[in-house]
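This one's a predicted model, so the numbers in the text were calculated from it and none came from an experiment. Numbers restart at 1 for each chain; the letters A, B, ... are given by sequence-line order, proteins then strands.
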There are 2 protein chains.
Amino acid sequence: MARVTITEIARRAGVSKGAVSYALNGQPGVSASTRARVLRVAAELDWVPNSAARMLSGARTDTIGLVLARGATREPSVLEFVAGMETVLARHAQVLLLRMASGVDEEVAGYRKWASERRVDAVVVVEVLVDDPRVALLGSLDLPALVAGDPGLAGGLAAVGVDDGAGVTALVEHLVGRGHRTVGWVSGPAHLGRVHVRERAFAAAEGIAVRQHATDLTGGAVDAATRELLGGDDRPTAIVYDGGPAGVAGLSAIGRLGLRVPDDVAVVVWGDSAVCGVTEPALTAVGCDVAAYGAAVGEGVLGLVGGRLRGGMMGAVPTLRVRDSS
Amino acid sequence: MARVTITEIARRAGVSKGAVSYALNGQPGVSASTRARVLRVAAELDWVPNSAARMLSGARTDTIGLVLARGATREPSVLEFVAGMETVLARHAQVLLLRMASGVDEEVAGYRKWASERRVDAVVVVEVLVDDPRVALLGSLDLPALVAGDPGLAGGLAAVGVDDGAGVTALVEHLVGRGHRTVGWVSGPAHLGRVHVRERAFAAAEGIAVRQHATDLTGGAVDAATRELLGGDDRPTAIVYDGGPAGVAGLSAIGRLGLRVPDDVAVVVWGDSAVCGVTEPALTAVGCDVAAYGAAVGEGVLGLVGGRLRGGMMGAVPTLRVRDSS
DNA sequence: TTGTACGCGTTATCAC
DNA sequence: GTGATAACGCGTACAA
């Protein structure tokens with residue numbers, strides 16, 4: 001039960017602390033016989049390095065920081081993303097420090113604090129915004145940062161994104177192939193980077209007109225947007241909803257209007273999740289493997305800390321899963 | 001940019017490191033004039049304590065550890081719980097270390113590692129099981145632990161739970177009041193502590209018979225359980241589903257059987273979430289404010305670290321929100 | 001090839 | 001009361 005330190009190992013092995021450290025870390029500078037003796041003693045005593053001492057001496061904390069907006073609570077995939085990322089970190093003996101923030105200001109303050117306290121080796125920024133103030137700050141702060149989002153929005157920071165352009169292409173192909181020419185889109189807020197990227201991709205798509213209604217994705221807002229889209233004359237024959245919960249709300253709203261899915265209106269969700277498969281009808285969805293994306297981000301941030309990553313890359317490609325709603 | 005240390009402050013203020021530390025931490029042992037001088041110098045230099053050094057010297061890391069099962073990814077309320085908890089921790093200058101585990105063994109190994117590395121001051125155990133091996137381990141490990149769950153399942157560990165008995169009472173009252181005498185329950189796995197507690201509460205309830213189908217809550221399992229419940233002769237007039245996604249799947253299954261909600265079968269969900277309010281019909285749900293519960297657990301674990309908490313207590317009481325499905 | 005000293009903040013122990 | 005000193009724990013640059 002008594003805590004074992006390298007001093008104790010050094011005493012028992014009859015060498016200095018420094019030699020013990022070299023031996024345990026596989027560094028050169030000790031003879032093979034000394035190394036073997038030290039390793040044997042350490043194993044006998046069940047020695048485990050004190051993490052605080054390690055963080056203090058080395059320049060590394062083996063810790064990655066992640067700040068989530070409190071509003072991210074709604075998104076069902078966030079935790080899956082975190083899980084994918086943490087799996088990679090754990091495999092490389094890194095730990096994840098998690099903080100929730102009520103707004104951008106609080107988040108920025110958190111980054112400053114972590115940087116000055118030397119709490120983390122790097123941070124991951126999620127749900128990047130258009131002209132994101134966090135990106136601006138982190139560019140000037142002495143804290144390595146990886147943006148989990150489109151490299152074009154990362155302002156020069158390292159980034160690992162999802163190829164939403166490819167997702168839009170797949171979605172448009174699917175809809176056009178089924179004869180849809182006018183499509184509604186009940187999207188998340190326009191300042192979200194993801195929404196911005198898709199906007200441009202939709203605008204560039206040929207053979208289809210997209211009518212976007214940016215909302216906060218609450219039930220009431222989705223209902224209102226759906227009614228507006230379907231209330232006019234030249235109504236869309238398909239509607240895209242951002243996220244499973246919004247898709248469920250959309251199905252309900254369409255049903256209340258006396259329309260049927262997919263006969264009267266087709267429905268597609270951006271961002272596949274478990275709930276998409278259990279609605280009636282089941283929801284066609286486009287989305288990537290969120291856990292795999294999180295893993296790619298985890299690899300990315302480790303590369304950043306290790307000096308191996310530069311610039312941006314795509315970590316996942318969304319695919320279309322066709323179900324009954326389209 | 002150059003990092004400021006207390007040694008530097010001591011040099012500039014003309015005192016020793018120790019005196020600086022006492023002054024900065026409001027400890028007695030330095031004169032008022034010395035304290036003022038030290039504080040002024042520290043403020044001028046923008047000094048911030050290095051977290052690693054603080055963890056090393058003190059016996060505390062100001063870190064709370066939380067391990068989530070990878071399967072918890074499905075539960076929409078988990079992140080909200082974490083958010084509520086982290087908010088309290090942040091307010092007390094504590095940070096949250098998050099780890100995902102694939103199984104109980106991996107989780108237990110993680111606790112051992114944290115304990116031996118002195119990574120955290122305490123851990124929070126969520127989704128406690130009947131005869132939980134984690135509880136058994138943590139009781140013998142030198143690592144303070146708080147069980148987020150029923151004190152009766154905590155095996156002597158400190159616990160902060162949800163009063164599910166009160167929730168069952170509210171639910172039974174509601175159903176009996178509407179004339180239901182036979183109720184189906186598509187529950188989560190029977191080895192979950194939460195399910196176990198509700199089982200006993202349902203068994204003790206008078207005036208109502210509950211037919212439980214324990215499932216893994218996947219879409220297919222919910223569908224099968226619903227069909228079994230509604231296929232027989234003496235079929236229940238109401239069904240309780242564990243969780244919003246299961247409720248959505250249940251609605252779909254009931255619809256496919258040609259039955260209507262709530263006219264033919266009433267539906268109630270255990271565990272309110274955003275999706276319950278946007279289905280058609282909207283789902284009656286019983287559940288507590290998960291963020292508030294998380295906050296209570298956060299307070300609890302801080303009390304545990306501070307030596308102020310003993311035994312178990314209830315951190316939240318579920319309430320019934322009646323919507324259109326019952 | 002091995003030993004020594006230093007960094008970092010807190011705190012127990014000591015000298016005045 | 002007031003303040004200095006040393007120890008904690010590890011990694012590593014440097015001296016021996």
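- A salt bridge does not link B:Glu107 with B:Arg99: every distance from a Lys NZ or Arg NE/NH1/NH2 to an Asp or Glu carboxylate oxygen is 4.0 Å or more.
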Notebook entry, point to check: Could you write nucleotides 9-16 of chain C as a row of B, S and -, 5' to 3', where a protein heavy atom under 4.0 Å of any base atom gives B, of only sugar-phosphate atoms gives S, and otherwise -?
Noted result: BBBB----
Next item on the list: Begin from the C-alpha positions of B:Met55 and A:Met55 and carry the test side chain to side chain contact (heavy atoms under 4.5 Å, CB included) through to its verdict.
Entry: CA-CA 9 Å; B:Met55 287 161 66; A:Met55 286 160 67; 4.1 Å; yes
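- Look at CD on B:Glu117: it is 13 Å from C1' on D:dC10, rounded to the nearest Å.
- Checking A:Thr61 against A:Arg54 by side-chain atom types alone, no donor-acceptor pair falls below 3.5 Å.
- A:Arg60 has its CZ atom 18 Å from the C1' atom of C:dG7, to the nearest Å.
- Taking the charged nitrogens against the carboxylate oxygens, B:Arg70 and B:Glu106 do have a contact shorter than 4.0 Å, which makes a salt bridge.
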Check: Given B:Arg12 and B:Leu45, is the side chain to side chain contact (heavy atoms under 4.5 Å, CB included) satisfied, shown in steps?
Finding: CA-CA 10 Å; B:Arg12 296 215 191 190; B:Leu45 298 180; 3.8 Å; yes
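- Distances shown here put a side-chain N or O of A:Ser31 below 4.0 Å from the OP1 or OP2 atom of C:dT2.
- Of the side-chain N and O atoms in B:Thr34, none sit less than 4.0 angstrom from OP1 or OP2 of D:dT2.
- We find that CG of A:Leu45 is positioned 16 Å from C1' of D:dG9, with the value rounded to whole Å.
- B:Val20 comes within 4.0 angstrom of no nucleic acid atom, judged by non-hydrogen atoms across all strands.
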Next item on the list: Decide side chain to side chain contact (heavy atoms under 4.5 Å, CB included) for B:Val41 and B:Trp47; before the verdict, give the C-alpha distance in whole Å, the side-chain angles of both, and the deciding distance to 0.1 Å.
Entry: CA-CA 9 Å; B:Val41 172; B:Trp47 175 81; over 6 Å; no
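- For the pair B:Glu8 CD and C:dG7 P, the interatomic distance rounds to 12 Å; values are reported in whole Å.
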